[in-house]
There are 2 protein chains.
Amino acid sequence: MTLLDTVVMQGLDSHGVLTADDKTLLLSLELNARRVTAGEVLWQEVADVDLFCVVKEGWAYSYRNLGNGSMQILKIYLPGDIIGMRDFGFSRRLAGVAMINEGVICPFSYQQLFELFARSSSLAAGIIATTVRQQAMLTERLVYLGRYAAHERLAHFLYELYLRLKRINAVEENGFFMPLSQEQIGDALGLSAVHVSRTFSMLRDEGLVERDRQHVVLPDPQALARLVEFNDTYIDESLPPAFQNFLSLNRIA
Amino acid sequence: MTLLDTVVMQGLDSHGVLTADDKTLLLSLELNARRVTAGEVLWQEVADVDLFCVVKEGWAYSYRNLGNGSMQILKIYLPGDIIGMRDFGFSRRLAGVAMINEGVICPFSYQQLFELFARSSSLAAGIIATTVRQQAMLTERLVYLGRYAAHERLAHFLYELYLRLKRINAVEENGFFMPLSQEQIGDALGLSAVHVSRTFSMLRDEGLVERDRQHVVLPDPQALARLVEFNDTYIDESLPPAFQNFLSLNRIA
DNA sequence: CACTTTCAATAACATACGTTATGAGTCGAT
DNA sequence: ATCGACTCATAACGTATGTTATTGAAAGTG
């Protein structure tokens, strides 16, 4: 899973927007691979902003530790995701990031990113689009935290994971590996671990979710999607035609 | 209030990153002013993404209308803010935007934005930084929706508005004009209007917030900030030195 | 000026969720 | 095999917040 394989970049490439140089430049962000252990903290809140990362293997999450002793998990990162763009333009991290399980990440520097922007406005637009898409997921989470009940939050969370994992071929027969504890899920959904457990039981009783330890099966993904009125554009949609056209025009000019 | 007056662009300019051409280019986004009425919908959810806007006067908000009949307000836009970057890279709007009171907006097109990216990587970086900052506010809201009680959410919301309004000189003697109904505040904070009213009463009784219709006074802003442990970096901080340096290097090269 | 509509305060009641506690699996370390 | 540390399920109980309703004040409309 490289950045070239993401929806956004695939969209650009399939429309001939990316030159060979662009591709080399993009992949140069992933030259520096590093193995990381489960639970390893990539950076803490308030650390200096020095680098960004591409996740190659494993799951990570960004989080905030709060004054009242609780934690809010902001986002789950899967292979192919860029970590850290949240802090672009800030001198201190706004959130910590830690690995959930072991994996491989590719750090790259501020400078590499700026060089990329300077050399290719197509890639710049692509990176912005990628960042905006991550934000769209966060916005969706915000909506669920604000206006939906626990069972809808959990159903939405699981279905979103399901779609994202399907994109990277990590779903088999409607089942997937999910290394999150119920406490972590609660921290992501603004619920207590106890209530996450209750809610899982409820979804199980309704035949919507089966779970055994770290393996989750959605027997009928469509039913789950209907329950939460899932709109998948923000995950699956490739870049709009207008976007591609402008970029190829700019390239030629 | 123009884009050149925002924290991000001020930061770039004061470090000599922006050329005269850059400034002209940036201000060209604001050539096309239009007066809008209170309550006017700038665009609906699922509309085509054709343009973005700079708010010159008045308040606006982005929102989602939900299947369960409720609404979630995502963000309040004040003069100087860019509206619509949330949808960059999508063909359909992810959220509707409407004016709260009457005002003036400056629409600009996808094409204008791409031309700006192509002509100036400094401005591209600046626009990204601006977008990321807006997202930081949203992330902060998410944290409050997930892990804080009603009085903390409201206190945080009011204090954030206070800081943002202070930045644009719209605060006098710790008081400001706030054209939001309690229902709208509830839709922003994930609360019922009734509970917003209760919570206002509570904050009033504690001497933290005075309110008369659309006029709000924070008698002791610091006390309010302490209550919510407000971290103002994401609103007040200018761009980090490293950021500026890279950009001026790129410009010379 | 009447008339309606909107907005806000407050009360009474209902409930979803948090908190605390307990016991049963599971896993890794020794 | 034994132990401790996690993780999870479930129950009992408390509470913050939602819902519905009533009233009054303010603002818009003819």
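All values below were derived from every heavy atom in this structure, side-chain atoms included, with hydrogens, water molecules and symmetry-related copies excluded.
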Query raised in the report: With a 6.0 Å cut-off on ring centres, are A/Phe157 and A/Tyr144 close enough?
Result: no
Query raised in the report: Going by an N to O cut-off under 4.0 Å, is there a salt bridge joining B/Arg34 and B/Glu40?
Result: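 Salt bridge between B/Arg34 and B/Glu40, a charged N being under 4.0 Å from a carboxylate O: yes.
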Requested in this report: Run the salt-bridge test on B/Arg93 and B/Asp50 with the 4.0 Å N-O cut-off and return the result as yes or no.
Outcome: yes
Report task. Hey, which sits more toward the 5' end of DNA chain C by its nearest nucleotide, B/Arg147 or B/Leu180? Result ->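 Nearer the 5' end of the strand: B/Leu180.
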Query raised in the report: Which pair of heavy atoms, one from B/Val97 and one from B/Tyr63, lies closest together, and at what distance?
Result: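 Of all heavy-atom pairs spanning B/Val97 and B/Tyr63, the closest is N-CE2, 3.5 Å.
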**Report entry** Close residues, residues 148-155 of chain A, relative to DNA chain C [heavy-atom separation under 4.0 Å]
**Finding:** A/Ala149, A/Ala150
Query - Between C/dC17 (C1') and A/Leu145 (CG): distance, integer Å - result: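 After rounding, the reported distance stands at 14 Å.
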Query raised in the report: Taking CD from B/Gln184 and P from C/dC7, how many angstroms apart are they, rounded to a whole number?
Result: 8 Å
Query raised in the report: Only one of A/Val228, A/Val209, A/Leu208, A/Leu163 clears side-chain contact (heavy atoms from CB on, under 4.5 Å) with A/Leu158; which?
Result: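 Answer after filtering A/Val228, A/Val209, A/Leu208, A/Leu163: A/Val209.
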Query raised in the report: Which word best sums up how the rings of B/Phe52 and B/Phe88 line up, parallel for under 30°, tilted for 30 to 60°, or perpendicular for over 60°?
Result: tilted
Report task. Return the orientation label for the A/Tyr159 and A/Phe230 ring planes: parallel under 30°, perpendicular over 60°, tilted otherwise. Result ->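 Ring orientation of A/Tyr159 relative to A/Phe230: perpendicular.
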Query raised in the report: Which nucleotide of DNA chain D is the first, and which the last, in the 5' to 3' direction, to come under 4.0 Å of a heavy atom belonging to chain B?
Result: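 On DNA chain D, the outermost contacted nucleotides are D/dT17 to D/dA26.
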Report task. Please list, by residue number, the residues of residues 186-202 of chain B whose heavy atoms come closer than 4.0 Å to an atom of DNA chain D; answer none if no residue qualifies. Result ->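 Listed by number, they are B/Gly190, B/Leu191, B/Ser192, B/Val194, B/His195, B/Arg198.
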Query raised in the report: Quick one: OG1 on A/Thr6 to CD1 on A/Ile82, what's the gap to the nearest 0.5 Å?
Result: 7.5 Å
**Report entry** A/Arg92 NZ/CZ over B/Tyr234 ring centroid, <6.0 Å and within 45° of normal
**Finding:**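 No, A/Arg92 does not lie over the aromatic ring of B/Tyr234.
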Query raised in the report: Quick one: is the NZ or CZ of B/Arg213 closer than 6.0 Å to the six-membered ring centre of B/Phe177, and within 45° of its axis?
Result: no
Query raised in the report: Between B/Arg204 and C/dT10, does any side-chain N or O lie under 4.0 Å from OP1 or OP2?
Result: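 Yes, within the criterion.
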